[in-house]
Each structure stands twice: as structure tokens, then as C-alpha cells.
**Student:** 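Take this structure, written in C-alpha cells, and hold onto it; I'll ask about it next.
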Amino acid sequence: MVTTLFNHWALDEDESLAMLGMTKASRHWLTRYRKGEPLSANRDMLDRAGHLLAIHKTLRLMFPHERDLAYRWIRTRNRAFDQLTPAEIIVEYGFPGLLMVRTYLDRTRTH
């Protein structure tokens with residue numbers, strides 16, 4: 001599911017690796033995940049995957065009739081992130097960036 005989400009978000013391989021907390025040396029694992037192998041039992045990676053799927057779910061709830069907008073949002077510059085995209089925040093800041101994006105969406109959705 002996560003690699004399908006990365007395709008919907010139009011992430012490149014380096015961005016996908018970074019979002020899962022993987023190094024460029026781990027490219028072969030990403031290929032295996034794309035072929036349907038389950039994610040590693042690594043706690044950090046599973047936590048990241050959970051947050052990424054939660055971000056996706058929140059975006060789908062926020063834009064129920066605009067699927068394209070829900071998928072484009074992650075690559076859209078945002079004032080809340082100093083004109084960086086949410087994808088750039090996650091890639092640049094790692095796990096804390098992932099939490100920043102998720103928290104922002106959760107707050108936005110409930111207000």
C-alpha cells in the first residue's frame with residue numbers, strides 16, 4: 001500500500017526511500033516492496049508507514065471529491081511550511097518532519 005501511495009504522490013525513488021527512513025544503499029528493498037513483499041519488521045519503518053497512510057487517509061477525508069487534489073497536496077508549496085512542500089519537509093526533517101505534516105493535517109481537519 002505504501003509504495004502505491006508513493007506512486008500516487010509522484011515521489012521519486014530517493015524521496016520514497018527517505019520517507020521510509022532508508023538510505024540510498026537500500027534501493028533493492030524498495031524494489032522488493034514494490035513487488036509486494038511486506039515491509040521490514042523494523043519498528044521505525046512501520047511507524048513511518050503508519051503515519052504516511054494516516055496522512056493519506058486525512059487528505060482523502062479533507063478532499064473526498066477531489067482525489068487529484070488529495071494526491072497533489074503533498075507536492076504543493078505551503079505557507080505553514082515556509083513555502084516548502086510537505087514532501088520536502090518529510091524528506092528534509094525525517095521522522096520529526098513526518099510528524100509535523102501529520103499534526104498540521106490533523107489540526108487543519110478538526111478546525
**Student:** Using the rule that Ile, Leu, Val, Met, Phe, Trp and Tyr join whenever any side-chain heavy atoms are under 4.5 Å apart, tell me whether Leu69 and Leu105 fall into a single cluster.
**Tutor:** yes
**Student:** Find the distance between CG (Leu84) and CD (Glu92) and round it off to the nearest 0.5 Å.
**Tutor:** 6.0 Å
**Student:** Look at the side-chain heavy atoms of Ile, Leu, Val, Met, Phe, Trp and Tyr, link any pair under 4.5 Å apart, and say whether Leu99 and Phe81 land in one connected group.
**Tutor:** yes
**Student:** Of all heavy-atom pairs between Asn78 and Ala80, which one has the smallest distance, and what is that distance?
**Tutor:** OD1-N, 2.7 Å
**Student:** Are Phe6 and Leu20 side-chain neighbours, meaning at least one heavy-atom pair lies under 4.5 Å?
**Tutor:** yes
**Student:** Atom CG of residue position Asp82 - does it have more than 12 heavy atoms of other residues, nucleotides or ligands inside 6.0 Å?
**Tutor:** no
**Student:** CD of Glu66 to CG of Asp68: how many Å apart, nearest 0.5 Å?
**Tutor:** 9.0 Å
**Student:** Decide if atom OH of Tyr93 counts as having more than 12 heavy atoms of other residues, nucleotides or ligands within a radius under 6.0 Å.
**Tutor:** no
**Student:** Does any non-hydrogen side-chain atom of Val101 lie less than 4.5 Å from one of Trp73?
**Tutor:** yes
**Student:** Using the salt bridge (charged side-chain N to carboxylate O under 4.0 Å, His left out) criterion, which residues pair with Arg75? Sequence neighbours excluded.
**Tutor:** Glu15
**Student:** Asp14: what forms a salt bridge (charged side-chain N to carboxylate O under 4.0 Å, His left out) with it, not counting sequence neighbours?
**Tutor:** Lys24, Arg27
**Student:** Hey, what do you get for CG (Asn7) to CH2 (Trp9), rounding to the nearest 0.5 Å?
**Tutor:** 12.0 Å
**Student:** Could you tell me whether the side chain of Ile90 reaches within less than 4.5 Å of the side chain of Ile74, counting heavy atoms only?
**Tutor:** yes
**Student:** Is there side-chain contact between Leu98 and Ile55, with at least one heavy-atom pair below 4.5 Å?
**Tutor:** yes
**Student:** Consider only side-chain heavy atoms of I, L, V, M, F, W and Y, link residues closer than 4.5 Å, and tell whether Met22 and Phe95 are in one cluster.
**Tutor:** yes
**Student:** How would you list all residue pairs meeting side chain to side chain donor-acceptor pair (under 3.5 Å) that involve residues 44-56, not counting sequence neighbours?
**Tutor:** Arg43-Asp47, Asp44-Arg48, His51-Arg102
